[in-house]
K.L.:
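Here you go, one structure.
Throughout, residue positions are numbered sequentially from 1 according to the sequence presented.
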Amino acid sequence: VQLQASGGGLVQTGGSLRLSCAASGRTFSSYAMGWFRQAPGKEREFVAAISWSGGSTYDADSVKGRFTISRDNAKNTVYLQMNSLKPEDTAVYYCAATPRGVGVRPYEYEYWGQGTLVTVSS
């Protein structure tokens, strides 16, 4: 599976962005998907994840109520809708895929996209 993340950019505090992650391959619908982020000088951290069917989603406490993960298996794409953005959300955002169940740790994912930068100005 090859992943291509897009949709990052510069936004003011309180603004919104929607990230997309397009996947290649015919088996996208069998993969659980996750979004992670990494700020300068910090470790990569979990943001959100979604099961292969889209029936189960998981969010980090830091983004709960503000970010929403979703997927469209017909389009081989997973999304991250980010609302009420804060400066502390500034990071490179990565999408990831795993053929196993949903995970919240980076090592649980086998395939990674290249990342897209989100910058939230105060």
K.L.:
For the residue pair N76 and N73, what are the closest heavy atoms and their distance?
P.N.:
OD1-O, 3.2 Å
K.L.:
What is the minimum heavy-atom distance between L10 and S121, and which atoms define it?
P.N.:
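Smallest interatomic distance, heavy atoms only, reads CD1-CB, 4.3 Å.
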K.L.:
Mind checking whether F46 and E108 have side chains closer than 4.5 Å, heavy atoms only?
P.N.:
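With C-beta onward as the side chain, the pair stays apart.
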K.L.:
Within this structure, what is the CG-OG1 distance for the pair L19 and T77, rounded to the nearest 0.5 Å?
P.N.:
12.5 Å
K.L.:
Please check if the side chain of Q114 supplies one atom and the backbone of Q4 the other of a donor-acceptor pair under 3.5 Å.
P.N.:
no
K.L.:
So, for G54 and T57, which heavy atoms are closest and what is the spacing to 0.1 Å?
P.N.:
O-CG2, 4.4 Å
K.L.:
For the residue pair A48 and D59, what are the closest heavy atoms and their distance?
P.N.:
CB-OD1, 3.6 Å
K.L.:
Using a 4.5 Å cut-off on heavy atoms from C-beta on, say whether the side chain of P87 contacts that of T13.
P.N.:
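T13 reaches P87 side chain to side chain.
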K.L.:
If hydrophobic clusters are built by linking Ile, Leu, Val, Met, Phe, Trp and Tyr wherever their side-chain heavy atoms come under 4.5 Å apart, do V92 and W112 end up in the same one?
P.N.:
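Yes; W112 is reachable from V92 via cluster members.
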K.L.:
How about K42: does its NZ atom have over 12 heavy atoms from other parts shown lying under 6.0 Å from it?
P.N.:
no
K.L.:
Hey, are the side chains of E110 and P99 touching, using non-hydrogen atoms and a 4.5 Å cut-off?
P.N.:
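Result yes, sub-4.5 Å side-chain heavy-atom pair found.
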K.L.:
Roughly how far, to the nearest 0.5 Å, is CH2 of W35 from CD of E45?
P.N.:
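The CD atom of E45 sits 14.5 Å away from the CH2 atom of W35.
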K.L.:
Is there a donor-acceptor contact under 3.5 Å from the side chain of S24 to the main chain of Q2?
P.N.:
yes
K.L.:
For S20 and Y79, indicate whether the former's side chain and the latter's backbone hold a donor-acceptor pair under 3.5 Å.
P.N.:
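No.
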K.L.:
Could you state whether I69 and L85 fall into the same hydrophobic cluster, counting links through intermediate Ile, Leu, Val, Met, Phe, Trp or Tyr residues with side-chain heavy atoms under 4.5 angstrom apart?
P.N.:
yes
K.L.:
Atom OG in S6, atom OH in Y93: separation rounded to 0.5 Å?
P.N.:
15.0 Å
K.L.:
Check for me whether R71 meets the cation-pi criterion with F28, that is, NZ or CZ under 6.0 Å from the six-membered ring centre and within 45 degrees of the ring axis.
P.N.:
yes
K.L.:
In Å, rounded to the nearest 0.5 Å, how long is the span from SG of C95 to OH of Y111?
P.N.:
14.0 Å
K.L.:
Measuring from atom OG1 of T116 to atom OH of Y94, what distance do you get when rounded to the nearest 0.5 angstrom?
P.N.:
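Here the interatomic distance stands at 10.0 Å.
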K.L.:
Are F36 and Y109 an aromatic pair by the rule of ring centers under 6.0 Å?
P.N.:
yes
K.L.:
If the condition is salt bridge (Lys or Arg N to Asp or Glu O under 4.0 Å), which residues does R66 pass it with, not counting sequence neighbours?
P.N.:
D89
K.L.:
Determine the minimum heavy-atom distance between V102 and Y58, stating which atoms define it.
P.N.:
CG1-CD1, 3.4 Å
K.L.:
Can you tell which of V1, L3, L80, T98 makes a side chain to side chain contact (heavy atoms under 4.5 Å, CB included) with M33?
P.N.:
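For M33, the side chain to side chain contact (heavy atoms under 4.5 Å, CB included) check succeeds only for L3.
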K.L.:
Who passes side chain to side chain contact (heavy atoms under 4.5 Å, CB included) against S62, sequence neighbours left out?
P.N.:
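S62 satisfies side chain to side chain contact (heavy atoms under 4.5 Å, CB included) with R37, A60 only.
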K.L.:
When rounded to the nearest 0.5 angstrom, what is the spacing between CZ in R18 and CE in M82?
P.N.:
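The CZ atom of R18 sits 11.5 Å away from the CE atom of M82.
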K.L.:
If every non-hydrogen atom of Y31 is compared with every non-hydrogen atom of A97, which pair is closest and at what distance?
P.N.:
CD2-CB, 4.0 Å
